[in-house]
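Reviewing the structure listed below.
When a ligand or atom number is given, it counts from 1 through the structure's own listing order.
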Amino acid sequence: MKAEHYVGGTFRTDGAPFPLIAPADGSELGAVPEATREVVDDAVTAARTALKGPWGALGAQERAAALRTVADGIQARFDEFVEAEVADTGRSREFASTVDVPRAVGNFRAYADLLYGRPERAYMTQVPGWSSGAGEALNYTVRRPLGVVAVVSPWNLPLLLSTWKIAPALACGNTVVLKPSEETPSTATLLARVVHDAGLPDGVFNVVHGHGAGAAGEFLTGHPGVDAIAFTGESATGAAIMRNAADHVTPLSFELGGKNPALVFADADLAAAVDGTVRSTFTHSGQICLCTERVYVERPVFEEFTERLAERAKALGGYGPMISAEHRDKVLSYYRLARDEGAEVVAGGGAPEFGDDRDKGFYVQPTVLTGLPETARTVREEIFGPVCHVAPFDTEDEALALANDSPYGLASTLWTRDLSRAHRVAPRVETGIVWVNCWNLRDLRTPFGGVKASGIGREGGEYSLDFFSEPVNVCIQI
Ligand code: NAD
């Protein structure tokens, strides 16, 4: 796969190349061009020109039709997208072909559909004599695009998460410059091919490759020609982008990190809770922002739950690698830190040996820890690997206090058969999403996002359309 920038309808590879490494076996997949400031400038200028040109003149139905053509184009190249995502991330073909690529198609279709259900002008009020002497007025609201949107995306769900922003941004009539993660540039390049072949006007969608700090990501998010930033990634990166965007007061939508809790009550279906926690902790080797890293279990079932979870973790086979050598080293450094902080390692705790090519890849063992105090860094900081810490609790209030004592607030999971308890506890957990007896069950129309250091704003359905368009009030004196 050849990574290329896509700027104003043209593919180009200017900028010093850096190697793209396969996490599955450490082999070199190809080279990625590092976008210079000039490439980023060109992309923003092209996006601005397209906004003023044919794209800005299209009606909602025509934009919806364009989104559908892109969805069809991804579907037509389904296998290429799957192979590109598998090579860049080391994930399984099954995951890429049942989650990543279908969701990318779904993202474009869903926002095309939503455009039909949304009036572009909503009549609000007709006010007789609201203030003395003002007479009667008609107020109505028009929604208009924000302009040039910078999308900066992470490596963990490259195509799924970038299209989750690109589709609603385009639906609302914006133009887009995407800066995908430097670790996973391939599906972004393929998406540019699809958009190109779909015949969208030049400059409506642009891709610039490269790193974040001091590079393409920073050039783009600090660019005066960018009207809004939609970012998914680490909370610390969000803070850096916010500082960089402050001079231009650029509106931001942030989906950031997490340290997600699961609460297992003694009345839970324990088999379902163990199954669910295996999924929520170890899916994609823990490299999903929604993955569980803290499990609190009511004391009567604590030992049985921990034993069963540890057994399942030890028996896991066929799991994927960490995205890079650097990330593998980071996760392993937390495994060492956990021991130094006094953890009992009940499963995993190191790097596996396979005796084949995978030993050149970046794997870590699925790991279950117990025995740490809540103040331990291992319990407080996001690790983003296949690991959780399990701790006991005695009362519902204590469980809530433990779950909420975190700088993060993305997602949580409750396991209980008591309906009243579920309704009582769910609204009190300080996370943007609370799952009850399930995990990662997603309806794309529901609000998605985090509280505290886990994000700003909500995406999903109407919530995305609200961010990517601006309500403008028109007041006419009658
Ligand atoms: P990251 O923050 O390291 O990088 C994300 C993107 O930001 C990359 O494209 C990177 O090049 C760019 N970037 C880095 N520094 C930058 C800077 N100073 N200015 C501009 N751009 C910059 O995140 P990652 O390691 O790719 O992804 C993992 C993180 O993402 C985890 O913290 C995870 O929880 C989070 N995440 C959150 C969600 C969510 O929906 N809340 C979803 C997925 C991942």
*asked:* Under 3.5 Å between any N/O of Trp155 and any N/O of ligand 1: does that happen in this structure?
replied: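 Yes, at least one N or O pair falls under 3.5 Å.
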
Report yes if the distance between the aromatic ring centroids of [X] and [Y] is under 6.0 Å, otherwise no.
X      : Y      : value
Tyr296 : Phe393 : no
His211 : Phe18  : yes
His5   : Phe11  : no
Trp155 : Phe384 : yes
His327 : Phe362 : no

_Proximity flag Gly455 to ligand 1, non-hydrogen atoms under 4.0 Å_ =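 The answer is no: ligand 1 sits nowhere under 4.0 Å from a heavy atom of Gly455.
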
_Please confirm whether Ala236 approaches ligand 1 to less than 4.0 Å, judged on its heavy atoms._
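No; Ala236 lies far enough from ligand 1 that no heavy-atom distance drops under 4.0 Å.
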
Heavy atom of the protein closest to [atom] (residue, atom name, distance):
atom                    : answer
atom 13 (N) of ligand 1 : Gly212 CA, 3.4 Å
atom 35 (C) of ligand 1 : Gly233 O, 3.3 Å
atom 14 (C) of ligand 1 : Thr237 CG2, 3.4 Å
atom 31 (C) of ligand 1 : Glu382 OE1, 3.5 Å

_Working to the nearest 0.5 angstrom, can you tell me the gap between Asp405 CG and Leu400 CG?_
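Reported value, rounded in 0.5 Å steps: 12.0 Å.
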
*Walk me through it: do Cys291 and Trp439 pass the test side-chain contact (heavy atoms from CB on, under 4.5 Å)?*
CA-CA 9 Å; Cys291 280; Trp439 174 75; 4.1 Å; yes

At a 4.0 Å threshold, what atoms of ligand 1 neighbour a non-hydrogen atom of [X]?
X      : value
Phe231 : 2 (O), 5 (C), 6 (C), 7 (O)
Leu410 : 41 (N)
Lys179 : 8 (C), 9 (O), 10 (C), 11 (O)

